[in-house]
Amino acid sequence: MNVGILTGGGDCPGLNAVIRAVVRVGHSRYGHIHTGLRNGWRGLLDRNTSPLDLDTVSGILPRGGTILGTSRTNPFKDPSGGEECATSFRELGLDALVAIGGEDTLGVAARLTAGFDVPCVGVPKTIDNDLDGTDYTFGFSTAVQIATDAIDRLHSTAESHDRVMVVEVMGRHVGWIATYAGIAGGADAILIPEVPKSLDEVCAAIQSRHARGKNFSIVVVSEGFELEGDAGDGELDEFGHTQLAKASVGEQIADGVRERTGSDTRVVVLGHVQRGGTPNAYDRILATRFGTRAAELVAEGRFGRMVALRGDEIVDIPITEGVAKLKAVPPERFAVAESFFG
Ligand code: F6P
């Protein structure tokens with residue numbers, strides 16, 4: 001079989017580990033050959049390929065980003081996009097396709113499998129950990145570690161200057177990174193989209209800390225958190241999602257806290273640093289397990305499926321089920337963080 005592989009959406013640590021696993025396992029166990037498609041679905045539409053073999057995947061396990069490049073191209077933006085993908089797929093001589101991506105990339109894979117005779121297997125990725133079909137996605141753990149390291153560093157400078165530091169992290173419409181990095185970094189307040197809070201409540205937490213003699217505070221805010229009355233003003237991407245990183249809620253929180261509490265306040269927007277660099281050991285292992293199972297699904301001819309983590313087991317589920325719902329932070333998980341506020 002000639003198996004195409006592509007990575008779509010925002011990059012995340014562990015993508016190369018998946019590519020390596022699909023190629024190594026597919027080659028050694030099943031005799032598959034592989035074709036890399038460059039820059040997500042754009043590579044299929046443009047027939048822009050790059051060779052993928054044992055040599056090209058050698059040494060990429062610890063590398064961040066993706067050797068195949070990525071984009072947020074949505075083939076279905078154009079009414080003929082599905083057909084164009086199917087034609088390219090046939091003319092490139094492909095027999096199957098492994099799509100590594102988030103809800104948008106995998107949503108396209110599901111539609112191409114069901115309606116256009118392009119047999120796809122999905123591998124979920126995102127630092128946001130927002131796919132309901134899997135307990136965790138690779139990339140999330142590394143992003144949490146990067147954010148935690150930053151919070152640790154901000155603690156010492158906040159304490160030295162008696163400051164409030166507002167740390168804005170990624171996560172899109174859910175607060176997984178904020179909650180986990182906030183717990184690990186000992187945040188004094190965490191603001192996530194799932195749990196509405198007013199500026200008054202944030203300031204009350206800071207003031208109650210200050211009243212018990214603590215003269216600095218760390219506030220972690222997820223980029224998707226909205227202060228009352230603010231609907232966000234980011235541009236839309238090809239899948240119609242607001243590009244949140246362009247509208248900083250951290251600045252708004254910092255301004256409000258400064259105004260209401262009189263505290264010397266600074267804001268740090270961590271941004272894309274959370275997606276960069278080498279995956280940690282957990283993500284390398286999860287990505288390798290996902291890639292291995294994806295190669296098996298291709299060999300078994302089980303298309304329209306995606307790999308997922310349930311508990312400690314790798315399972316496979318319909319792609320449509322895996323991307324149907326956004327996975328919010330459960331209230332009881334956030335309650336753990338909340339016990340330490342103020
Ligand atoms: O989905 C991953 C993610 O990093 C989100 O956390 C963030 O909102 C978005 O991508 C940023 O996208 P871009 O790389 O297009 O700025």
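Quick caveat, the model's predicted, so the values are computed rather than measured. Values below: every heavy atom of this structure, side chains too, minus hydrogens, waters and symmetry copies. Along the sequence shown, residues are numbered consecutively beginning with 1. Atoms within each ligand, like the ligands themselves, are counted from 1 in listed order.
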Ligand 1 to M170 polar contact by distance, N or O atoms, under 3.5 Å: no

Sub-4.0 Å heavy-atom contact, G171 with ligand 1: yes

Distance-only donor-acceptor check, side chains T35 and N2, under 3.5 Å: yes

I127: numbered ligand 1 atoms lying under 4.0 Å from its heavy atoms: 4 (O)

Atom indices of ligand 1 within 4.0 angstrom of R172 heavy atoms, with elements: 1 (O), 6 (O)

Pairs under 3.5 angstrom only: tabulate donor-acceptor contacts from the side chains of residues 105-114 to other protein residues two or more places apart or in another chain.
{"from": "T113", "atom 1": "OG1", "to": "A109", "atom 2": "O", "distance (Å)": "2.8"}
{"from": "T113", "atom 1": "OG1", "to": "V118", "atom 2": "O", "distance (Å)": "3.3"}
{"from": "T113", "atom 1": "OG1", "to": "C120", "atom 2": "N", "distance (Å)": "3.2"}

H272 neighbourhood, listing ligand 1 atoms whose heavy-atom distance to it stays under 4.0 Å: 13 (P), 14 (O), 16 (O)

Part of R275 within contact of ligand 1 (heavy atoms, under 4.0 Å): side chain

Salt-bridge criterion met for R260 and D200 (N-O under 4.0 Å): yes

E332, CD: over 12 other non-hydrogen atoms inside 6.0 angstrom: yes

Q274 touching ligand 1 at heavy-atom level, < 4.0 angstrom: no

Whether H32 and H34 hold their rings parallel, tilted or perpendicular, with breakpoints at 30° and 60°: perpendicular

Contact atoms of ligand 1, heavy-atom distance to R72 under 4.0 Å: 9 (C), 10 (O), 11 (C), 12 (O), 13 (P), 14 (O), 15 (O)

Please tabulate, one pair per line, all N/O donor-acceptor pairs under 3.5 Å involving side-chain atoms of residues 316-325, not counting sequence neighbours.
{"from": "D316", "atom 1": "OD1", "to": "R293", "atom 2": "NH2", "distance (Å)": "3.1"}
{"from": "D316", "atom 1": "OD1", "to": "R302", "atom 2": "NH1", "distance (Å)": "3.2"}
{"from": "D316", "atom 1": "OD2", "to": "R302", "atom 2": "NH1", "distance (Å)": "3.3"}
{"from": "D316", "atom 1": "OD2", "to": "R302", "atom 2": "NH2", "distance (Å)": "2.9"}
{"from": "D316", "atom 1": "OD2", "to": "R305", "atom 2": "NE", "distance (Å)": "2.8"}
{"from": "D316", "atom 1": "OD2", "to": "R305", "atom 2": "NH2", "distance (Å)": "3.0"}

Passing option when S217 is tested against H210, R163, Q207 for side chain to side chain contact (heavy atoms under 4.5 Å, CB included): H210

Atoms in ligand 1 flagged as close to E223, the criterion being non-hydrogen separation under 4.0 Å: 5 (C), 6 (O), 7 (C), 8 (O)

